[in-house]
> 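A single structure is presented below for examination.
Lettering of chains follows the sequences in order, A, B, ..., and the numbering in each one begins at 1. Since this is a predicted model, take the numbers as computed values, not measurements.
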Amino acid sequence: MPEILEVEATRRAVGAHALERPIVGVDAPDAWYLKRGLTPAVITAVLPGRRFVAARRHGKLLLLDTSPDAARADTDAGPTLGLHLGMTGRVLLDGDPTGDPLRYASNRDDRDWYRFSVHFADGGTLVMRDPRRLGAVLLDPDETRLGIDAFDVTTATLRERLGGRRSPVKAALLQQRDIAGLGNLLVDEILWRADLDPHRDASSLTAPEQRRLASAIRTTLRTLGRRGGSHTGDLMESRQPGGRCPRDGAPLRHDTVGGRSTWWCPKHQR
DNA sequence: ATTGTGGCCTGCCCGC
DNA sequence: TGCGGGCAGGCCACAA
């Protein structure tokens, strides 16, 4: 799924419904799904006795802070659980999927796809369901690997992060270490709205173009967020063979840019 | 150091 | 109906 809008929708759901519920158990049947050295033994030992106390998000990374361990009369704050949804991950809360339906993955509820589960004392669960296993569960993830959150981008930060980049502007926008949260669909929509050719070298953008791009990022996140997700862009339904630009009717071009499938209008994106 | 490429993993859809 | 190929909104390690 998951670009920043879907992760934000999940964050809101978790924040509204999964906080302050004592954790009594963890299922981590897929050790491969735990990343950066985390093991099933560690995660199943560390979460029970705690509660989630805050649901945060940095880019596409969902961060769940935990409380001190009640059983040990521990006063130190607990670790932070990091959930990354990858391309096909989805969080289920008490059996219900959060966020919007996946566009490029099955939305079937197959228990074989439950890669990680947290059980609450009240009988409820928080489950990561991921057919392709491209998501990840992390403990105390390193947030310094991520750049500024896409919701906070300004013209100034854009100039600072992209100004010196000698790569296609599309590839630069997808670099999570510079700007965190934008994925393939959002970037195509943003560049389409900003009238910019995705192949343009990021360092070649003029000051007005940088302003346009920053503005398009804000507008796109706000508009698509309201509509219900990354797949609700104006470009979305034309993103297929034979698709035409919704603005001027020109045939869209399809290329690979930054290693990703890219649809753009050669008439108004320059 | 930065940038580009390939790989990871599995499901689904299309054409034969 | 079955099968193979290609594609998919993620990230990471590696090579140049």
Side-chain angles (χ1 to χ4, degrees), chain A residues 1-10 29-38 57-62 82-91 99-116 128-138 141-143 145-147 150 161-192 198-204 220-221 224-225 227-233 235-242 254-263:
Chain A
M1 75 173 153
E3 300 190 34
I4 192 169
L5 298 176
E6 287 71 28
V7 181
E8 174 61 16
T10 294
D30 186 353
W32 185 89
Y33 205 70
L34 312 176
K35 303 297 181 184
R36 311 235 157 233
L38 183 60
R57 181 192 55 73
H58 189 157
K60 302 171 192 171
L61 181 62
L62 185 62
L83 300 180
H84 203 295
L85 305 179
M87 274 172 66
T88 53
R90 207 155 177 209
V91 170
D100 296 295
L102 299 180
R103 187 96 185 178
Y104 290 96
S106 172
N107 287 289
R108 229 166 61 219
D109 188 35
D110 189 332
R111 297 205 153 224
D112 289 346
W113 299 340
Y114 287 11
R115 311 298 179 188
F116 180 75
M128 279 275 286
R129 184 178 72 195
D130 186 354
R132 269 176 74 188
R133 300 169 79 210
L134 289 168
V137 173
L138 307 152
D142 178 10
E143 289 181 62
R145 298 158 58 94
L146 298 170
R161 307 286 169 131
L162 265 56
R165 290 244 159 269
R166 297 214 333 111
S167 67
V169 61
K170 167 154 183 178
L173 289 172
L174 288 168
Q175 290 290 326
Q176 302 299 302
R177 106 188 79 135
D178 294 318
I179 296 174
L182 302 181
N184 200 36
L185 288 182
L186 280 176
V187 167
D188 276 6
E189 177 81 12
I190 287 164
L191 292 172
W192 179 80
H199 302 84
R200 279 282 297 283
D201 199 291
S203 63
S204 77
T220 303
L221 291 181
L224 274 56
R227 289 183 192 168
S230 308
H231 59 282
T232 62
L235 194 58
M236 190 66 210
E237 65 180 45
S238 306
R239 236 174 157 277
Q240 55 179 315
H254 182 218
D255 299 308
T256 297
V257 183
R260 315 302 304 280
S261 179
T262 301
W263 296 83

> Mind checking if A:Arg115 touches a base, just sugar-phosphate, or nothing, with heavy atoms under 4.0 Å?
nothing

> Fill in the dot-bracket string of DNA chain C, one character per base: . for unpaired, | for a pair to another strand, ( ) or [ ] for pairs within the strand, taking Watson-Crick or G-U pairs under 3.5 Å.
.|||||||.|||||||

> I'd like to check A:Leu186 versus A:Leu221 (side-chain heavy atoms, cut-off strictly below 4.5 Å). Are they in contact?
yes

> Looking at every strand, decide which applies to A:Lys35 at a 4.0 Å heavy-atom threshold: base, sugar-phosphate, or nothing.
nothing

> Calculate the interatomic distance between A:Arg129 atom CZ and C:dG10 atom P; express it in whole Å.
19 Å

> Rounded to whole angstrom units, what separation is found between the OH atom of A:Tyr33 and the C1' atom of C:dC12?
15 Å

> Looking only at N and O atoms, is any donor in the side chain of A:Arg133 or the base of B:dC9 less than 3.5 Å from an acceptor on the other one?
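No such pair is found, so the answer is no.
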
> Of all the nucleotides listed (C:dC12, B:dC12, C:dG10), which has the minimum atom distance to the side chain of A:Arg108?
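Out of C:dC12, B:dC12, C:dG10, the nucleotide with an atom closest to A:Arg108's side chain is B:dC12.
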
> Any idea which of B:dT10, B:dG4, B:dC8 is nearest the A:Arg132 side chain?
B:dT10

> Could you check which of C:dC12, B:dC8, B:dT2 has an atom nearest any side-chain atom of A:Leu134?
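Comparing C:dC12, B:dC8, B:dT2 against the side chain of A:Leu134, the answer is B:dC8.
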
> Take atom P in C:dG6 and the same atom in B:dG6, then report the distance between them in whole Å.
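Nearest-Å result for C:dG6 against B:dG6 at atom P: 15 Å.
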
> Between B:dC8 and A:Trp32, is there an OP1 or OP2 to side-chain N/O distance shorter than 4.0 Å?
no

> Begin from the C-alpha positions of A:Asp142 and A:Arg36 and carry the test salt bridge (Lys or Arg N to Asp or Glu O under 4.0 Å) through to its verdict.
CA-CA 10 Å; A:Asp142 178 10; A:Arg36 311 235 157 233; over 6 Å; no

> Within less than 4.0 Å of OP1 or OP2 of C:dC11, is there a side-chain N or O belonging to A:Arg145?
no

> Sub-3.5 Å donor-acceptor pair from the side chain of A:Glu237 to the main-chain atoms of A:Leu235, do we have one?
no

> Looking at every strand, decide which applies to A:Gly259 at a 4.0 Å heavy-atom threshold: base, sugar-phosphate, or nothing.
nothing

> Using only atom types and a distance under 3.5 Å, with no angle test, would you say the side chain of A:Lys60 pairs donor to acceptor with the backbone of A:Arg57?
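Looks like no, no N/O pair under 3.5 Å.
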
> Verify, without hydrogens or angle tests, whether A:Asp188 (side chain) and A:Trp263 (backbone) share a donor-acceptor contact under 3.5 angstrom.
yes

> Would you kindly give the CD-to-C1' distance between A:Glu3 and C:dC11, to the nearest whole Å?
14 Å

> Below 4.0 angstrom from OP1 or OP2 of C:dC11, is there any side-chain N or O of A:His84?
yes

> What is the separation between atom CG on A:Leu174 and atom P on B:dT5, rounded to the nearest whole Å?
14 Å

> Please tell me which of the listed nucleotides, B:dG4, C:dG10, C:dC12, lies nearest to the side chain of A:Arg36?
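Looking only at heavy atoms from C-beta outward on A:Arg36, the closest nucleotide is C:dC12.
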
> Measure the distance from CD on A:Gln175 to C1' on B:dA1 and round it to the nearest whole Å.
13 Å

> So do the side chains of A:Asp130 and A:Arg132 get within less than 4.5 Å of each other, counting heavy atoms only?
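They are in side-chain contact.
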
> Using whole Å, report how far CZ of A:Arg239 lies from P of C:dC7.
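About 13 Å, once rounded to whole Å.
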
> Could you tell me the separation between the CD atom of A:Gln176 and the C1' atom of C:dA13, rounded to a whole number of Å?
17 Å

> What residues, two or more places apart in sequence or in another chain, satisfy salt bridge (charged side-chain N to carboxylate O under 4.0 Å, His left out) together with A:Asp255?
A:Arg253

> Find out whether A:Thr262 and A:Val187 are in side-chain contact, i.e. whether some heavy atom of one side chain is under 4.5 Å from a heavy atom of the other.
no

> Check every atom of B:dC12, C:dA8, B:dG11 against the side chain of A:Met87 and return the nucleotide holding the closest atom.
C:dA8

> Under 4.0 Å between any heavy atoms, over every strand shown, what does A:Pro168 touch: base, sugar-phosphate, or nothing? Just pick one.
sugar-phosphate

> Return the nearest nucleotide to the side chain of A:Ser261; candidates are B:dG4, C:dC12, C:dA8.
C:dA8

> Provide the distance between the two P atoms, one in B:dC9 and one in C:dC14, to the nearest whole Å.
15 Å

> A:Arg260 CZ to B:dG6 C1': how many Å, rounded?
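It works out to 13 Å between those atoms.
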
> Are any side-chain N or O atoms of A:Glu6 and backbone N or O atoms of A:Glu3, one a donor and one an acceptor, separated by less than 3.5 Å?
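Yes, A:Glu6 side chain to A:Glu3 backbone: donor-acceptor pair under 3.5 Å.
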
